[in-house]
Amino acid sequence: MLTTAIGGLAAVLTSLSYLPQIWKAWQTQETADISYGMLMVLGAGLSLWVVYGIRQGDWVIIVSNVVAVTLIAVLAAVKARAES
């Protein structure tokens with residue numbers, strides 16, 4: 001139970017770690033330092049973690065990485081909007 005709680009807290013913190021960057025990019029519309037390549041590679045890696053979590057039946061891995069992939073997509077959309 002403690003291990004699951006620790007994993008859950010770690011998942012929440014790492015998944016939500018993208019929020020400050022999204023907020024800053026949204027407010028300033030400055031995204032030149034954010035690389036689409038990094039977003040794509042990170043998104044691919046997080047997506048593979050989702051698949052791994054599904055195969056392992058681990059909801060903590062699944063949910064946290066779905067949230068992270070979603071936030072990466074939001075950040076990419078903010079970047080695209082700022083560049084248009």
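- Of the possible donor and acceptor atoms, one in the side chain of Ser84 sits under 3.5 Å from a partner among the backbone N and O of Arg81.
- Scanning all heavy atoms of the two residues, the minimum distance from Thr31 to Ala82 falls at OG1-CB, 3.7 Å.
- Across every non-hydrogen atom of Ala11 and Thr14, the tightest pair is O-OG1, 3.3 Å.
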Quiz prompt | Stepwise side chain to side chain contact (heavy atoms under 4.5 Å, CB included) check, Thr70 with Tyr18 | solution = CA-CA 10 Å; Thr70 302; Tyr18 304 103; over 6 Å; no

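- Considering every non-hydrogen atom in both Gly7 and Val60, the closest pair reads O-CG1, 3.6 Å.
- A continuous path of ILVMFWY side-chain contacts below 4.5 Å connects Val67 to Val74, so both sit in one hydrophobic cluster.
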Exercise. Report the C-alpha separation of Ile61 and Gln56 in whole Å, then their side-chain angles, then the decisive distance to 0.1 Å, and conclude whether the side chain to side chain contact (heavy atoms under 4.5 Å, CB included) test is met.
Key: CA-CA 9 Å; Ile61 292 173; Gln56 293 294 322; 5.6 Å; no

Practice problem: Go through Gln21 and Leu71 one step at a time and tell me if the side chain to side chain contact (heavy atoms under 4.5 Å, CB included) criterion holds. | Solution: CA-CA 10 Å; Gln21 186 66 56; Leu71 292 175; over 6 Å; no

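- Hydrophobic cluster membership differs between Val66 and Leu46, with clusters built from Ile, Leu, Val, Met, Phe, Trp and Tyr side chains linked at under 4.5 angstrom.
- Between the side chain of Ser15 and the main chain of Ser64, a donor-acceptor pair closer than 3.5 Å is present.
- Closest approach of Ile72 and Leu39 over heavy atoms only: CG2-O, 3.6 Å.
- In this structure, Ile62 CD1 and Tyr52 OH are separated by 11.5 Å, a value rounded to the nearest 0.5 Å.
- Distance CG/Leu48 to CZ/Arg55: 12.0 Å, rounded to 0.5 Å.
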Practice problem: Report the C-alpha distance between Glu30 and Lys24 in whole Å, list the side-chain angles of each, state the deciding distance to 0.1 Å, and finish with yes or no for side chain to side chain contact (heavy atoms under 4.5 Å, CB included). | Solution: CA-CA 8 Å; Glu30 295 176 18; Lys24 181 180 178 186; 5.8 Å; no

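- Considering Leu9, Thr3, Leu2 as possible partners of Ile6, the one that fulfils the side chain to side chain contact (heavy atoms under 4.5 Å, CB included) test is Leu2.
- No single ILVMFWY cluster, assembled from side-chain heavy atoms under 4.5 Å apart, contains both Leu75 and Met40.
- At distances below 3.5 Å, at least one donor-acceptor pair connects side-chain atoms of Ser35 with backbone N or O atoms of Met38.
- Under the 4.5 Å side-chain heavy-atom criterion for grouping Ile, Leu, Val, Met, Phe, Trp and Tyr, Val41 is not connected to Trp49 through any hydrophobic cluster.
- Residue Tyr36 places its OH atom among more than 12 non-hydrogen atoms of other residues, nucleotides or ligands, all under 6.0 Å distant.
- Taken from CH2 in Trp59 to OG1 in Thr4, the straight-line distance is 7.5 Å, to the nearest 0.5 Å.
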